[in-house]
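Here is the structure we will look at.
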Amino acid sequence: MIYTDMVCPFCGCLCDDVVIETEGDRVVRVDNACTLGTHKLMTTRKDRLKGPIMRDGAGGWRDASYEEAIEYAAGVLLDADRPLLYGWSSTQGEAQGLGVSMAELLGGVIDSTTSVCHGPSILAIQEVGHPGCTLGQVKNRADVIVYWGCNPTEAHPRHMSRYTTYADGFFLQNSFRERKLIVVDIRKTETASIADEFVQIKPGGDYAVFSALRAIVRGRGAVVPPTVAGVTKEQLEKIAEICKSAKFGAFFFGVGLTMAPGRYKNVRNAIELVDELNRHTKWTLTPLRGHYNVYGSNEVFTWMTGYPYAVDFSRQIAFYNPGETTSVDILARKECDACLIVASDPGAHFPRKCLEHLASIPTVLIDPAQTVTTPLCRCQIPTAVTGIDASGTAYRMDGVPIHMKAFLDLGYPTDTEIVGRIFEKVKEVRHP
Amino acid sequence: MRFLFNTGRTVAQGIGLDRKSGTEYAGATSRCMMNPVDMMDLDVESGDHLVVRGPAGEVVLSVVPAEGTPRGMVFVPLGPYANHVLGGETHGTGMPDFKTQTVEIEPTEREVPTVTELMEEIGGVAYEQGARP
Amino acid sequence: MRITLSMRERKNPYIPVEAEKIVPSILMKGTDVTVYEGNKERRLADLFEITVEGEAASVDEVEVVLRGDTSRVKRVGEYMDGGRITVEGDIGMHCGNFMAAGTIEVRGNAAGWFARELRGGTVICRGNAGHYCASGYRGEKKGMRGGKVEVFGDAGDFAAEHLSGGEVVIHGDCGDMAGVEMRGGTLTIHGDCARPCGNMTAGTCTVLGTVLGMIPTFERTGEIVGPDGGTLTAFVGDIANRGKGKLFIRNFQYLE
Amino acid sequence: MNELLVKNAYVIDPINRINGEVMDIAIRDGRIVEDVGPKATVIDAGGCLTLPGGVDSHTHVCGTKVNFGRYMSPEDMRAGRVARRGVKHATSGYSVPTTYANSYRYAVMGYTTLLEGAMAPLEARHTHEEFSATPLQDMMANTLFDGNWGIMNAIRDGDQERVTEIVGWTLSAVKGFGIKLTNPGGTEAWGFGKNITCIKDEVPNFGVTPIEIILAMIRACETLRLPHSVHLHCNNLGNPGNYACTVGTFNQVPDLNEKRQTLYATHVQFHSYGGSDWKTFCSKAEPVAYTVNNRPQIVIDMGQVMFGKTTTMTADGPMEFNLYRLHHDKWSNHDVELETGSGIIPVYYRRKNLVNSVMWAIGLELALLVKNPWQCMLTTDNPNGAPFVKYPEIIALLMSKKYRDAEFATVHPETGSRVVLPALDRELDWNEIAVMTRAGQAKALGITGIGKGHLGLGAEADIAIYPIRVGEVDPAQEYRKVIDAFSRTKYTIKRGRPVTRDGEVLVHGENTTIWVDPKMGPGHDISQDTEFVKMFDRYYSVRMSNYPVQDEYLKRSLRMETEAVF
């Protein structure tokens, strides 16, 4: 079978032009997707658990039924004084919504992988807003592109060909020639090597460079010292000029800003630079989101609770304070006494300090495959992969909602189904 | 020697994301990219092993020369190896020091552990799945 | 009236306790109030041994004393409008937030968001304060608006963020970005700090130690004599933000 | 069979010309019927004011832009926090509350049907997802066409048929309800940071003018026989002197439909400004209302401003940027490729601010100067002028000169020289309020035929019973009682089921999404047109096949099929 216009369940680009060929329940060919997407689609059957597994109480593992695993999951969540429900970025929106309702009824904390990715970007947006646009707007109009603290070549391999450097658009018939590319990073990445202008900043210097650019753009460059974080004033002036004379500028940034010292203040400064540039010409800004549906988790959490991530329902109202209600902090402070992880792999992506606590409490993992988190949990429930054997909604990094289509049936339940069944058990005990 | 410990995405790490029990993933995430001049200072060659010590512990990685990495900094693909040295400080922002940790690095003869060994070291229990048809 | 709350031993000492009822004006009317331990509502007496001595005609005659491991007890002194709270050990997050009057003294360390959005009164920490000491809340333009916060040890990152009024004194060092987005009030740091006052629009910040990573968009305007008699370099900024804040610094280094 | 009998209801039902009769209302399976059996559940209205469920014909409650308003405003979420209880979810937010909070608060005020004022087609799925999370109201979405490339190209080529085909296809594809134009042409210009000042300006790069867009869309709307008319947010919103543009636009609108208006102009308060700058800013509600009074083909809504904090959000991206430059608070913008844009900023309307005071007066003036209440709907353009929870105060202001005078005494002292409000003695009656909050709105939206906005036999049993006895209260004097009554129904009944009682939410309901599916007949399917497909392939960032909203996004769907007559 050949399936066209399929949606890739890898990164926040959410490419929807993928062609997939199957023979029986095997994928034999993938066209249009990048290396990352192709690999995910081609190897989808490998490493998947056959069914739920649980610790056997004797230092090993045993197989379990879905019913038993669901019962166990509901039990540990109900017993907890501070359950944490973490993950939610690589799953369908429908499951995310159920997760929020369950966290609310349980009096738990629900958080998504946002907190270790673009959480700081959201904190910045909450201070100064977000001048953004859809990616097609960039493709059709942008004549200056900035990639700052990100490396799309490695992390979002089709970003440049679909939306920026290599993508022709309505107002740019020969994109590669007509667009200027500025790359800013602390190391010379692959993306930097094709830039018209590469700005190498000393680690921790992003904030200062943004401040300097803002001052230069508004005509107060005289105040700026001759070098700022390793960048000459001359180069800063040149960059400012390119930006001001753009017809449409598009600023993309990655975790290079959100993870650097100052965190969200770097992003805030970036946004305020873009605001300043809008006094001269058109500029937009977009965070490069990692997981294909991390933005969906922010959207769903927001309309249901008012907050995009890190929502604490322990008092039956929604409370939000990243740094306090975020997963890394809660785990590092050993606050939570049970954890449900859905569609993410903190074992691979959380600091060791957090994992030590995760391994010491009843942790349940809902994930199709064996992951780094598997050894840390007490029970794992495999599910279908959205975009492969489950359908559902995902939000692209620019907020465009896309329907993910299933093309295989491998007999696994969906995340929505499993979270829903756990929720039903929870409701039996804690009547709403 | 002290280094700034920078972590981030690579294609190889990304490819391994959905098949983390494989050796490819371990190989892709246990690399420590370092400026060749720093490698000379440490007297190591490509493929040699390093022990990296951070606030939460230490981990053994293999070194890879990388011209683009500034001196005094190492780049390690994000994943269980990089995280094995990191603590839980987020500066009140929810985001740990993935890119801003200072670490101590020295050459070692020790082997690079497997991902499972890393997890067992912090209290996990390895799971071995029977072969799938 | 003196109300002493001694924390009992808990089965799981890591679960946070939310205790916004620990305020003189509430406890003077009776100690049969509830707090939250994680998602469970508990009687105050379940978590604390309570002794009440003497009587009070007004809130200003009330002192609440906290003893034992209170490092995970949050929101103590929230909306406090008079009286005194003394914490003998460490205190959890959000101590004294929205407080309008009275005095809080923490003898140990204070966790994050100490005296957040303070309106009035005096909040003292004898040990170190965590991140966001005397700061604002997410998305809010104005942080602390009045009163005084004094920390005798160090403060973490983002101290006095969004400060709009009142006085903040840190006797030790501050972490990164003290006084960021400041728009009023005064911040005095006796020790060192990194990158103070980014984006400030108004207010006064004085650093008597050394500033690392000086923000490059402050305009140097001259020198003044500092409160300790020594010379300080005077700046105005943040120029990037059309700011007119005053920043006085003993020593500084740019990240060049 | 589910039966309910509402006894002793003091009914005002303008569509059925019932103005204050005490009667019983019988309901079976969600519809109003002649009578019910003895086993029916009985609700005693006790002679209280009973109206058809409220209809808001222009509000922003669901979708990308609204959700972004929430996302960027944790400070707004600190207000309106209510704990989860029973069937009721936790809520947060004041000016941009969560979906549940919006739904509960509207229900408590007796509103059962809402029209989301602006849905970008590309992001329609999001709006529908939030509709599903809005339990207590029936929902519909006006679809944005203000900067649609396909349509602008067709207009430039003089191909009206193609305009109609694109509109028809898009509405079906995204399950939209009506046509929304927000600053037509201006959102496209904003793509490069420019704007349009009025209807005769040319849209950069497209060679069409706003008035051409408006008229072509009116023709398309009528050809497609859409229940609702074109829904227009005029050019030049919020600027001093813009009333001339508004009047100029209204004067171009033909009268093409005998059942309803030909143009619905939204939040006209924001478009009725005189003066040449902020110093000379004044009300021009009189000429605008005069134009409306002379042109029955126009219906407007107030877009009333009320003092306090709110969040403004509109597809009018350039206007929001100008506002941002004025307030220098936070600003979000979201341009949507080939279609439209949007902007969001928080604002605080202050009594002590002259401009804000004049704005407040203009909305009221419009409602009082437009003679026919069927031509002026009560809205705040929620949350732009104020959050919808202010509606009861607006009702009271319109019913009481005394209340208006009392409020006027608290606004900026110079307001009097800029407005005519103090000279207006009109006090609206209960029937007029019923028209402006439900009957007129249902008629303007063209949904009376599906049983909305009235209580006739066969109508949807959406009923609001307010705890006020009309004969016992003089609204001109006892305006506080009016505010209290409209703030909290005694009962709100949705589809024959009581959903709130005395402000308490009783059930977690399930809404219906109402959408329009125009049938255009063979030869008019634009999705088969090679040029159209090529435009999609080249310039959109999603594939055409992934653009339409799947049926599964509408949990309970009411499709209004129309037959186009080309």
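The sequence lines fix the lettering, A, B, ..., with proteins before strands; numbering per chain opens at 1.
- Looking only at heavy-atom pairs under 4.5 Å with chain D, the residue among A:L135, A:T281, A:I122, A:N298 that has the most is A:I122.
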Could you please spell out the steps behind the side chain to side chain donor-acceptor pair (under 3.5 Å) verdict for A:N278 and D:Y324? CA-CA 11 Å; A:N278 267 291; D:Y324 161 70; over 6 Å; no
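- Contact annotation for A:L105: both backbone and side-chain heavy atoms come within less than 4.5 Å of a heavy atom of chain D.
- A pairwise comparison of heavy atoms in A:P308 and D:Y71 identifies CG-CD1, 3.7 Å as the closest pair.
- The backbone N or O of D:W190 sits less than 3.5 Å from a side-chain atom of A:K282, completing a donor-acceptor pair.
- Note that CD of D:E337 and OH of A:Y163 are 8.5 Å apart. Values are rounded to the nearest 0.5 Å.
- Using a 4.5 Å heavy-atom cutoff, the side chains of D:F68 and A:I125 are in contact.
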D:K555 vs A:E94, salt bridge (charged side-chain N to carboxylate O under 4.0 Å, His left out): CA-CA, chis, key distance, verdict: CA-CA 13 Å; D:K555 297 267 179 319; A:E94 295 74 5; over 6 Å; no
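- Salt bridge annotation for A:E299-D:R125: absent, with no cationic side-chain nitrogen under 4.0 angstrom from a carboxylate oxygen.
- With a threshold of 4.5 angstrom between heavy atoms, D:H128 does not approach chain A through any atom at all.
- Taking OG1 of A:T134 as the start and CD of D:E339 as the end, the distance is 8.0 Å to the nearest 0.5 Å.
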Run the numbers on A:N140 and D:L338 for side-chain contact (heavy atoms from CB on, under 4.5 Å), then give the verdict. CA-CA 9 Å; A:N140 287 318; D:L338 287 81; 3.5 Å; yes
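- A donor-acceptor contact shorter than 3.5 Å is absent between the side chain of A:D5 and the backbone of D:R543.
- Across D:R84, D:H89, D:Q550, the residue that shares the most heavy-atom pairs under 4.5 angstrom with chain A is D:R84.
- In this structure, the portions of A:K247 lying under 4.5 Å from any heavy atom of chain D include both its backbone and its side chain.
- For chain D, the nearby parts of A:D17 are the backbone and the side chain; heavy atoms of each come within less than 4.5 Å.
- Taking the six-membered ring for Trp and the full ring otherwise, the centers of D:F192 and A:F171 sit less than 6.0 Å from each other.
- Of all the listed residues (D:N205, D:N67, D:T98, D:T99), the one sharing the greatest number of non-hydrogen pairs under 4.5 Å with chain A is D:N67.
- Within the 4.5 angstrom heavy-atom criterion, only side-chain atoms of A:Y395, from C-beta onward, approach chain D.
- Residue A:E127 touches chain D through its backbone alone, counting heavy-atom pairs closer than 4.5 Å.
- Contact detail for A:R396 and D:V542: the closest heavy-atom pair is NH1-CG1, 3.5 Å.
- Each of D:S132, D:A124, D:S73, D:S332 has some count of heavy-atom pairs under 4.5 Å with chain A, and the biggest count is that of D:S332.
- The heavy-atom pair separating D:S541 from A:D16 by the smallest distance is O-OD1, 3.9 Å.
- At a 4.5 Å heavy-atom cutoff, the contact between D:E552 and chain A is made by side-chain atoms alone.
- Interface residue A:R162: only side-chain heavy atoms are found under 4.5 Å from chain D.
- For the atom pair A:W303 CH2 and D:C62 SG, the distance stands at 9.0 Å (nearest 0.5 Å).
- Residue with the most contacts toward chain A among D:D335, D:D329, D:I345: D:D335 (heavy-atom pairs, distance under 4.5 Å).
- Side-chain contact between D:Y100 and A:M304 is present, with heavy atoms from C-beta onward closer than 4.5 Å.
- For the residue pair A:G169 and D:Y539, the shortest heavy atom distance occurs at C-CE2, 3.9 Å.
- In summary, the aromatic rings of D:W149 and A:F170 are positioned with their centroids under 6.0 Å apart.
- With a 6.0 Å radius and a threshold of 12 heavy atoms from other residues, nucleotides or ligands, A:R279 has its CZ atom above the threshold.
- Heavy-atom contacts from other residues, nucleotides or ligands closer than 6.0 Å to NZ of D:K194 number 12 or fewer.
- Among all heavy-atom pairs drawn from A:R315 and D:A83, the shortest one is O-CB, 4.3 Å.
- Listed options D:R538, D:H508, D:K88 were ranked by heavy-atom pairs under 4.5 angstrom with chain A; first place goes to D:R538.
- Nearest heavy atom pair, residue D:A90 against residue A:F313, reads CB-CE2, 4.1 Å.
- Atom CD1 of A:I402 sits about 6.5 Å away from atom CG of D:N546, to the nearest 0.5 Å.
- Chosen from D:G343, D:G93, D:S545, the residue pairing most often with chain A at heavy-atom distances under 4.5 Å is D:S545.
- Between the D:K330 side chain and the A:Q126 main chain, a donor and an acceptor come within less than 3.5 Å of each other.
- Heavy atoms closer than 4.5 Å to chain D are found in both the backbone and the side chain of A:T393.
- Using a 4.5 Å cut-off between heavy atoms, D:V82 touches chain A through its backbone atoms (N, CA, C, O) alone.
- Between A:H130 and D:W331, a ring centre-to-centre spacing not shorter than 6.0 Å is recorded.
- Between the side chain of A:T302 and the main chain of D:R70, no donor-acceptor pair closer than 3.5 Å is present.
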